[in-house]
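Have a look at the structure below, then the notes.
Residue numbers start from 1 in every chain, and the chains themselves are labelled A, B, ... in the order their sequence lines are given, proteins ahead of strands. Hydrogens, waters and symmetry mates play no part in the numbers below; they use all other heavy atoms, side chains included.
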Amino acid sequence: MSELLVYNTRARRKERFEPLEPGHVRMYSCGPTVYSAQHIGNLRPYLFADLLRRTLEHAGLRVTHVINITDVGHLTDDADAGEDKMEVAAKRTGRRAEELAAEYEQQWKRDCARVGCLPPHATPRASEHVPAQIEMARRLEERGFTYRIEDGLYFDVSKFPRYAELSRLDLAGQQGGARIGGVEGKRNPQDFALWKFAAPGVKRQQEWDSPWGRGFPGWHLECSAMSIQYLGQTFDIHTGGVDHIPVHHTNEIAQSEGALDVHPWVNVWMHEEFLDFRGEKMSKSKGNVYVLDDLVAQGVEPLAYRYFFLQAHYRQQQTFTDEALAAAATGYDRLVGLACELRRAQGDVDASRLEEPRSRFAEALCDDLNAPRAMAVVWQVARSDALSPAERWTLLAEFDAVLGLDLANAEPRAAQQESDPRIDAMVAGRDAARAAKEWAEADRLRDALAAEGILLEDGPEGTRWRRE
RNA sequence: GGCGGCGUAGCCAAGUGGUAAGGCACGGGCCUGCAAAGCCCUGAUCCCCGGUUCGAAUCCGGGCGCCGCCUCCA
């Protein structure tokens with residue numbers, strides 16, 4: 001396999017990837033905040049992380065992958081003001097925060113699995129790692145990075161000179177005030193809460209004792225504490241959305257490097273771009289969300305969405321339109337149809353003929369996970385005249401270990417036969433008419449079914465029908 | 001106001017100096033009693049203007065348009 005290059009946000013360029021421990025990669029991906037359903041835009045980060053993991057494994061590396069579940073502390077407003085999203089959702093629905101968290105965590109895990117993501121090696125929950133978060137805040141306090149105000153314990157970014165390094169933000173040029181809003185006593189606009197006190201007189205569903213008082217951990221802290229606990233004081237790769245660069249990841253670095261006195265805490269930062277939904281970002285706050293089940297209700301298979309994802313590079317905004325989705329669904333179905341035929345193929349495989357396409361596929365992936373280029377190779381192989389069916393299948397099966405499109409088992413839609421007594425009878429009637437060469441009657445029955453949206457296909461093994 | 005990205009055939013989308021991957025759709029063909037499915041064929045000089053270069057979609061400058069972040073968000 002060729003040399004793997006990945007785009008490191010820290011350097012703003014592609015770099016050769018080399019794990020800290022030879023042969024073993026430790027990676028962490030920012031996971032969902034489980035206060036509501038994850039939509040298909042939210043799925044992109046996990047598809048990306050999964051593609052990265054599979055590519056690393058394809059390259060012969062062992063991977064330990066951790067994705068966190070944020071089920072406490074993520075505020076509705078910003079790092080300082082606003083309410084905890086979990087508490088708000090609980091209030092709105094009249095249910096327990098824990099119950100909601102469990103439900104949305106399950107939904108997220110199920111959707112990830114349906115789009116072919118391998119289960120991470122751990123999915124730690126923030127609420128179950130509060131002591132580790134407190135310990136981290138305590139160390140930061142010991143080392144002089146914090147100050148206490150009425151609202152909570154805060155990280156003082158002026159004590160951390162590298163603060164703007166990842167984001168390359170010109171802090172002075174930021175619109176002042178936006179992030180101080182609502183909190184009295186903050187020293188710098190970028191300072192953020194490590195521990196928030198429960199509001200006076202308010203009994204939260206989720207709150208804990210701490211050296212500073214009863215309350216809950218700030219957002220950001222859970223990712224630092226848990227990634228370190230599961231992956232060590234320094235590790236290889238940390239992934240997330242581009243929106244996390246200026247605040248969430250910047251704060252994670254400040255906390256972690258401040259507490260541990262290490263640098264770099266994380267070697268490679270990788271960020272995926274957003275899904276563009278009909279001209280704007282898909283986001284819960286805009287209300288233009290689409291969940292995986294909405295796609296399924298339209299007859300789109302979950303793995304067709306993965307195929308859709310693979311058609312664009314992860315660092316480019318990808319445009320989601322109904323037409324683009326339909327194109328992906330058709331493309332995926334055809335690829336599955338081809339795979340279905342090829343995987344039954346017998347015959348000799350000339351290993352020397354596999355080398356060229358195999359290396360082009362690997363090269364595409366090794367160039368910062370260029371999945372669209374890899375997919376071009378897939379199609380060239382799938383429809384190649386130069387390769388035998390057995391050779392084509394050998395390659396496709398190999399490629400699918402990285403693509404995760406289930407080419408070894410999936411069945412094309414044409415093969416999925418429905419059954420309905422009334423329709424079956426009409427089809428049988430038409431077959432009888434055809435046998436008697438009564439074409440007018442045969443066409444009448446076909447047209448009648450077509451009017452109901454039912455398509456007939458006459459194949460060597462008889463007539464089958466499907467809706468569309 | 002600061003920061004980042006994008007603008008390639010009808011749609012999605014690769015390609016960052018040597019004369020444009022791939023998928024989908026459209027049209028044509030083969031196949032079919034007719035269809036469907038499948039297979040084959042067919043299409044772009046790369047937002048505009050100027051510059052650098054033997055040569056630019058790719059580099060530089062200037063426009064226009066769009067998106068994102070800076071404030072919850074992947």
Here's a test for you: under side chain to side chain contact (heavy atoms under 4.5 Å, CB included), which of A:D406, A:D50, A:L403 qualifies with A:R306?
A:D50

In whole angstrom, what separates A:L335's CG from B:G22's P?
15 Å

Please state whether the phosphate of B:U32, meaning OP1 or OP2, lies under 4.0 angstrom from any side-chain nitrogen or oxygen of A:R434.
no

Would you mind telling me which of B:C11, B:A37, B:C24 lies closest to the side-chain atoms of A:T321?
B:C11

For atom CZ of A:F308 and atom P of B:C11, their distance in whole Å:
15 Å

Comparing nearest nucleotides in RNA chain B, the 5'-proximal residue of the pair A:Q311, A:D458 is A:Q311

Among B:A35, B:G33, B:A74, the nucleotide that comes nearest once only the side chain of A:W439 is considered
B:G33

Work out how far the C1' atom of B:C30 is from that of B:C48, and round it to whole angstrom.
45 Å

State the pairing partner of B:C6; accept Watson-Crick or G-U wobble contacts with both distances under 3.5 Å, and report none otherwise.
B:G65

Look at A:R315 and B:G5 and indicate whether a side-chain polar atom (N or O) is within less than 4.0 Å of OP1 or OP2.
no

Using whole Å, report how far CZ of A:F274 lies from C1' of B:C66.
17 Å

Specify the separation, in whole Å, of atom CD of A:Q318 and atom C1' of B:C67.
14 Å

Using OP1 and OP2 only, check whether a side-chain N or O of A:R464 sits under 4.0 Å from B:A35.
no

What interatomic distance, in whole Å, is found between C1' of B:A74 and the corresponding atom of B:G5?
16 Å

Between P of B:A74 and OH of A:Y104, the distance in whole Å:
14 Å

Take atom CG of A:L456 and atom P of B:C34, then tell me their distance rounded to the nearest Å.
16 Å

Distance alone, cut at 3.5 Å: any donor-acceptor contact between the side chains of A:H238 and A:S227?
no

Answer with yes or no whether the side chains of A:Y314 and A:D368 bring together a donor and an acceptor at under 3.5 Å.
yes

Taking any heavy-atom pair under 4.0 Å as a contact, classify A:N370: base, sugar-phosphate, or nothing.
sugar-phosphate

Going by distance alone, is a donor N or O of one side chain under 3.5 Å from an acceptor N or O of the other, for A:H220 and A:H249?
no

Which one is paired to B:G38, where only Watson-Crick or G-U wobble pairs with both distances under 3.5 angstrom count?
B:C30

For B:G17, what is the paired nucleotide under Watson-Crick or G-U wobble rules, both distances under 3.5 Å?
none

Given B:A21, B:A74, B:C6, identify the nucleotide with an atom nearest to the side chain of A:Q316.
B:C6

Please evaluate the base of B:G33 for a donor-acceptor partner in the side chain of A:D443 within a cut-off of under 3.5 Å?
yes

Pick base, sugar-phosphate or nothing for A:Y332, based on heavy-atom distances below 4.0 Å to the nucleic acid.
nothing

B:G33 to B:C26 separation - C1' atoms, rounded to the nearest Å
27 Å

Nucleotide opposite B:C59 in a Watson-Crick or G-U pair, distances under 3.5 Å:
B:G51

Taking atom P in both B:A56 and B:U45, compute the distance separating them and give it to the nearest angstrom.
16 Å

Whole angstroms only, please: what is the CD-C1' distance between A:E341 and B:A37?
10 Å

Nearest to side-chain heavy atoms of A:L455, which nucleotide of B:A36, B:C24, B:A74:
B:A36

Taking the six-membered ring of A:Y7, is NZ or CZ of A:R13 closer than 6.0 Å to its centre and within 45° of its axis?
no

Separation between CD (A:Q298) and OH (A:Y290), nearest 0.5 Å, reads 4.0 Å

Looking at every heavy atom in both A:T239 and A:S29, which two are closest together, and how far apart are they?
OG1-OG, 2.8 Å

Taking the same atom, C1', in B:C12 and in B:G7, what whole-Å distance lies between them?
14 Å

If the cut-off is 4.0 Å, is A:T319 near the phosphate of B:A13, judged by side-chain N/O to OP1 or OP2?
yes

Would you say the side chain of A:R446 and the base of B:A35 hold a donor-acceptor pair, judged only by whether the two atoms sit under 3.5 Å apart?
yes

Parallel under 30°, tilted from 30 to 60°, perpendicular over 60°: which one fits the rings of A:W269 and A:W265?
tilted

May I ask you to evaluate whether A:R466 reaches the phosphate of B:A36, defined as a side-chain N or O under 4.0 Å from OP1 or OP2?
no

With rounding to whole Å, what would you report as the distance between B:C47 and B:G10 at their P atoms?
13 Å

Counting any heavy atom closer than 4.0 Å, what does A:G41 reach on the DNA or RNA strands: base, sugar-phosphate only, or nothing?
base

Pick base, sugar-phosphate or nothing for A:H313, based on heavy-atom distances below 4.0 Å to the nucleic acid.
sugar-phosphate

When all nucleic acid strands are considered with a 4.0 Å heavy-atom cut-off, which category describes A:H249: base, sugar-phosphate, or nothing?
nothing

Donor/acceptor link under 3.5 angstrom from A:R430 side chain onto base of B:G33
yes

Rounded to whole Å, CZ of A:R373 lies from P of B:A13 at a distance of 18 Å

Heavy atoms from C-beta onward define the side chain here; which of B:G23, B:A36, B:C67 lies closest to that of A:Q317?
B:C67

Using the C1' atom on both, measure B:U32 against B:C39 and round to a whole Å.
14 Å

Give me the distance, rounded to whole Å, that separates B:C40 from B:C67 when you measure between the C1' atoms they each carry.
40 Å

